[in-house]
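What follows is a short report on a single structure.
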2 protein chains.
Amino acid sequence: MKALFKTAGQAYKAHHALPPDAGTIADVNHDNVVKTISPDWVDGETKVMESPADHGQDLRLWLRLLTCSTLIEGEIRRRLREQFDCTLPRFDLMAQLERAKAGMVLGELSKRMMVSPGNITALVERLVESGHVTRTVSAADRRVQIIALTSFGRAEFEKMATAHADWIAELFDVITAREGQILFDRLGKLKRSVVTALARD
Amino acid sequence: MKALFKTAGQAYKAHHALPPDAGTIADVNHDNVVKTISPDWVDGETKVMESPADHGQDLRLWLRLLTCSTLIEGEIRRRLREQFDCTLPRFDLMAQLERAKAGMVLGELSKRMMVSPGNITALVERLVESGHVTRTVSAADRRVQIIALTSFGRAEFEKMATAHADWIAELFDVITAREGQILFDRLGKLKRSVVTALARD
DNA sequence: CAAAAAAACTTTAGGCTTGAAATAGTTTTC
DNA sequence: GAAAACTATTTCAAGCCTAAAGTTTTTTTG
């Protein structure tokens, strides 16, 4: 099984016209350049113009999936920063640690967070500095670092976790339990499809 | 409407046990630290342990949604890099430009890609340097930069777009047209839910 | 047991991303 | 028509992220 690293970024949104629900009015100005009036953002997600072997539907679905998670993730990030002066990676790392009472090895954090080990090094360093976590060399294996939440870190995390759950509930407002279940199940199948494809190399 | 910026990162995966399908065996070693054996990555997505006011389902759904898009995005990124020595943001930007024959204003690119304007500046700079796009000051409004694909950039993009569509089709392999449609529709409702919540400020 | 392989991290170079502050050009207002 | 407000973009500091190469320590193997 190969490693799955990610950088930052966005995704493929070409071959698509503007969505009618985005409220954007596209027209041509003096320079013959596309310009829009009004909202702060516009997602490129919409109808695929050509569909080679009906890859179009998959592409459309992928774009919508990506738009949803980008939108939600961005908002969570923003609120975390504004209300708790915290970043998502920091929150995430503490979340992983929260259930590991005895602490967690750095490599395990890396796997669970699906980010590269080198990344965790610096992230942990900053969290140690701000007093949220501790880092201890294992007595049994001196290569190993054990990371654990401090009581301060735990208290801070608790506050954020509560707010976070509320935010998600707010954003998912109009989704009923039944719809949520359908989405959950279908996404489960998609996840398996992706994992299978990835395992095929 | 507020701006929606994002940094890089992952998301909240706490309050969750390991998924049985991840193939991970968690146990406690000499240090009393959680260690796992086996795969390269483990997603933290799974059953929410406590559910305050049944925020649990939303949280679960969000986590699964995020896992799906992280997995897919990571793989697309990896292939783009390996097979075309290109990053996702570069590909994305070219994708936006591809349909704007006359070019696009920098600010419009920023909106469509849902990233901050300052980001586009550097991205465009690198694409100009590698000969994929051109940057021209508008004659009508000297504040404005018009960005357009070069024919080289267009040719390169075409190759990548074809491969990209195939990759998505491959990853979405087992999803049927009908299931895809259901997912698409439900995600559409979710998107509206999020956009509405965001518009409420 | 010594050499080789493996494992857990860290370091490095380079790209992406943001929010905030600065710059420059355009439009509005009085 | 000058001052004020607005708009498009750039610059900056800081953080996140990766792949690849390097370090130290442990395990495996001949």
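Below, chain A is the first sequence line, B the second, and so on; all start at residue 1.
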**Complete:** By salt bridge (charged side-chain N to carboxylate O under 4.0 Å, His left out), B/Arg154 pairs with (sequence neighbours left out) none
**Request:** Report the distance from atom CZ of B/Arg112 to atom C1' of D/dA8, rounded to the nearest whole Å.
**Result:** 17 Å
**Prompt:** Going by the angle between their ring planes, with limits at 30° and 60°, are B/Phe91 and B/His164 parallel, tilted or perpendicular?
**Reply:** tilted
**Prompt:** Within the structure, does a side-chain N or O atom of B/Asn119 lie under 4.0 Å from either OP1 or OP2 of C/dC16?
**Reply:** no
**Request:** Starting from P on C/dA6, measure out to CG on A/Asp141 and report it in whole angstrom.
**Result:** 17 Å
**Asked** Is there a donor and acceptor pair closer than 3.5 Å between the side chain of B/Arg143 and the base of D/dT7?
**Response** yes
**Prompt:** Where is the tightest heavy-atom contact between A/Ser69 and B/Leu65, given as atom of each residue plus distance?
**Reply:** CB-CG, 4.4 Å
**Request:** Compare the minimum distances between each of C/dG15, C/dC9, D/dT26 and the side chain of A/Gln145, then state the nucleotide with the smallest one.
**Result:** C/dC9
**Asked** Could you state the CE-C1' distance from B/Met104 to D/dT9, rounded to the nearest angstrom?
**Response** 17 Å
**Request:** Answer yes or no: does a side-chain N or O of A/Thr87 lie under 4.0 Å from OP1 or OP2 of D/dC16?
**Result:** yes
**Fill in**
Residue pair B/Ala122/A/Arg126 against DNA chain D: nearer the 5' end by closest nucleotide is B/Ala122
**Message:** For A/Leu106 and B/Arg142, find the nucleotide of DNA chain C closest to each by heavy atoms; which residue's nucleotide sits nearer the 5' end?
**Reply:** A/Leu106
**Item:** Atom pair distance, as rounded to whole Å: CZ in B/Arg79 and P in D/dT18
**Value:** 18 Å
**Message:** Rounded to whole Å, please give me the gap between NZ in A/Lys111 and C1' in C/dC9.
**Reply:** 13 Å
**Request:** State whether A/Thr121 places a side-chain N or O below 4.0 Å from either non-bridging phosphate oxygen (OP1 or OP2) of C/dT11.
**Result:** no
**Request:** Could you tell me the separation between the CG atom of B/Leu93 and the P atom of C/dG15, rounded to a whole number of Å?
**Result:** 16 Å
**Item:** Spacing of A/Leu109 atom CG relative to C/dT10 atom P, expressed in whole Å
**Value:** 11 Å
**Message:** If you only use heavy atoms from C-beta on, which nucleotide in D/dT18, C/dG15, D/dT26 is closest to the side chain of A/Ser116?
**Reply:** D/dT18
**Request:** Mind checking A/Ile120 for me? I need base, sugar-phosphate or nothing, with any heavy atom below 4.0 Å counting as a touch.
**Result:** nothing
**Item:** Closest heavy-atom pair and its distance - B/Arg142, B/Val137
**Value:** O-CG1, 3.7 Å
**Prompt:** Is it true that B/Glu156 and B/Arg90 have a side-chain N and a carboxylate O under 4.0 angstrom from each other?
**Reply:** no
**Spacing of A/Leu123 atom CG relative to C/dT10 atom C1', expressed in whole Å** = 15 Å
**Request:** With heavy atoms under 4.0 Å as the rule, sort B/Gly118 into base, sugar-phosphate or nothing.
**Result:** base
